[in-house]
There are 2 protein chains.
Amino acid sequence: MKKLPKISESEWLVMQALWSRGPLTANEVVEELAPKAKWKPKTVKTLINRLVKKGAVKFKKEGRKYRYYAAVSEAKCVGTESRSFVQRVYGGTARPMLAAFLEDAELSAEDIAELKKILEQKEGE
Amino acid sequence: MKKLPKISESEWLVMQALWSRGPLTANEVVEELAPKAKWKPKTVKTLINRLVKKGAVKFKKEGRKYRYYAAVSEAKCVGTESRSFVQRVYGGTARPMLAAFLEDAELSAEDIAELKKILEQKEGE
DNA sequence: TAATAGAAATTACATCTGTAATCTTAGGAG
DNA sequence: CTCCTAAGATTACAGATGTAATTTCTATTA
């Protein structure tokens, strides 16, 4: 099992761009993030580089520029981060957290229906 | 509205001790955390000091020692941290996060019942 | 082929974190 | 009243992070 590198807050944005838009050049990442963060292009490049150094991102050379892609699975990172969050903020037990979120979140009727379905499935072991 | 100071991972443990056990001396915090973290007492004191400097913790003098207590509300901190988490990891929409957690968490029958109740309440606006 | 522009690599630098050790000081023991 | 001890205050120091700028290549253009 590979060790997931630790991804910082800012780096998460970069990873999300790479996860959702597949392999991208540095500039494409910059464009992708432009609406989400007010970073200078150089800042984005730095973040990409750090992720490469951490092993979270790899790249293929393509002429003089690189095409970057995520080297760690989104699902794994999300899972790790989620467990860490529940641990830190809720002391490890998910139920109070779920209750708080369910109460607080704006959920559409369909959202509620789906979540109830999930709960009912869990009910039957 | 007061700005919540940013509380780091390690600092969260200290805050939790103070939130749940009320005003404590530094040594009591150390004892409280002993089972949860393998920190030297000096480390715990440092964390307390940083929290005081950040305004998250205050203290009353009591002879030559201080009695520390949380100066920010647990609910507010938990809320802030939760929103930040959903934002970072799930891009701001709670539903996929809730679905993932509901599927993944080990929930007792009572847990499920309570969560369903919450959902049903939300259903009626 | 030489110059240029745009990538990537390297360097910068303050702040935050994790993890303590050392210094200072005031209150209690003698 | 003095000395010691334990609290709190200050200092330490490396690595992570946020946020870039500067330097170095290299492929393409003139």
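First the proteins, then the strands, lettered A, B, ... as listed; each starts at 1. Remember, it's a predicted structure, so these values are computed and weren't measured experimentally.
Atom CD in B/E11 sits about 10 Å away from atom C1' in C/dG18, given to the nearest Å. Rounded to whole angstrom, the span from the CD atom of A/E28 across to the C1' atom of C/dA7 amounts to 13 Å. Rounded to whole angstrom, the span from the NZ atom of B/K60 across to the C1' atom of D/dG8 amounts to 18 Å. For the pair A/L33 CG and D/dA20 P, the interatomic distance rounds to 13 Å; values are reported in whole Å. Going from atom CZ of A/R88 over to atom C1' of C/dT17 covers 13 Å, rounded to whole Å. The distance from atom OH of B/Y66 to atom P of C/dG27 is 10 Å, rounded to the nearest whole Å. Rounded to an integer number of Å, the gap from B/K36 NZ to C/dG18 P is 17 Å. Put simply, NZ on A/K61 is 14 Å from P on D/dC25, counting in whole angstrom units.
Looking at which nucleotide of DNA chain C each of B/L47 and A/F59 is closest to, the 5′-most match is held by A/F59.
In terms of polar N and O atoms assigned as donor or acceptor, the side chain of A/R50 comes within less than 3.5 Å of the base of D/dT19 in a complementary pairing. Interface remark: the A/T46 side chain does form a donor-acceptor pair with the D/dA20 base, using a distance-only criterion of under 3.5 Å. Judged by distance alone with a 3.5 Å cut-off, a donor-acceptor contact links the side chain of B/K42 to the base of C/dT22.
B/F101 and B/F85 have perpendicular rings, their planes meeting at more than 60° on a 0 to 90° scale where under 30° would count as parallel. A/Y66 and A/F59 have parallel rings, their planes meeting at less than 30° on a 0 to 90° scale where 60° marks the start of perpendicular.
No engagement by A/K53 is indicated, since no non-hydrogen atom pair under 4.0 Å with the nucleic acid exists. A/S10 comes within 4.0 angstrom of sugar-phosphate atoms only, judged by non-hydrogen atoms across all strands, and of no base. Backbone-only contact: B/Y68 has heavy atoms under 4.0 Å from sugar-phosphate atoms and none from a base.
With a 4.5 Å cut-off on side-chain heavy atoms, B/K116 and A/L115 do not count as touching.
Between B/N49 and D/dA9, a side-chain N or O to OP1/OP2 separation shorter than 4.0 Å is present. Remark: B/N27 is not in phosphate contact with D/dA6, judged by side-chain N or O atoms under 4.0 Å from OP1 or OP2. Remark: B/S8 is in phosphate contact with C/dG18, judged by side-chain N or O atoms under 4.0 Å from OP1 or OP2. In this structure, B/K54 reaches the C/dT17 phosphate: one of its side-chain N or O atoms is under 4.0 Å from OP1 or OP2.
Taking only side-chain atoms of B/W39, from C-beta outward, the nucleotide of C/dT19, D/dA20, D/dG18 with the closest atom is C/dT19.
At a cut-off of 3.5 Å, with distance as the only test, a side-chain donor of B/D111 or B/S108 sits close to an acceptor on the other residue.
Partners of B/E74 according to the side-chain contact (heavy atoms from CB on, under 4.5 Å) rule, which considers only residues two or more places apart in sequence or in another chain, are B/W19, B/V78.
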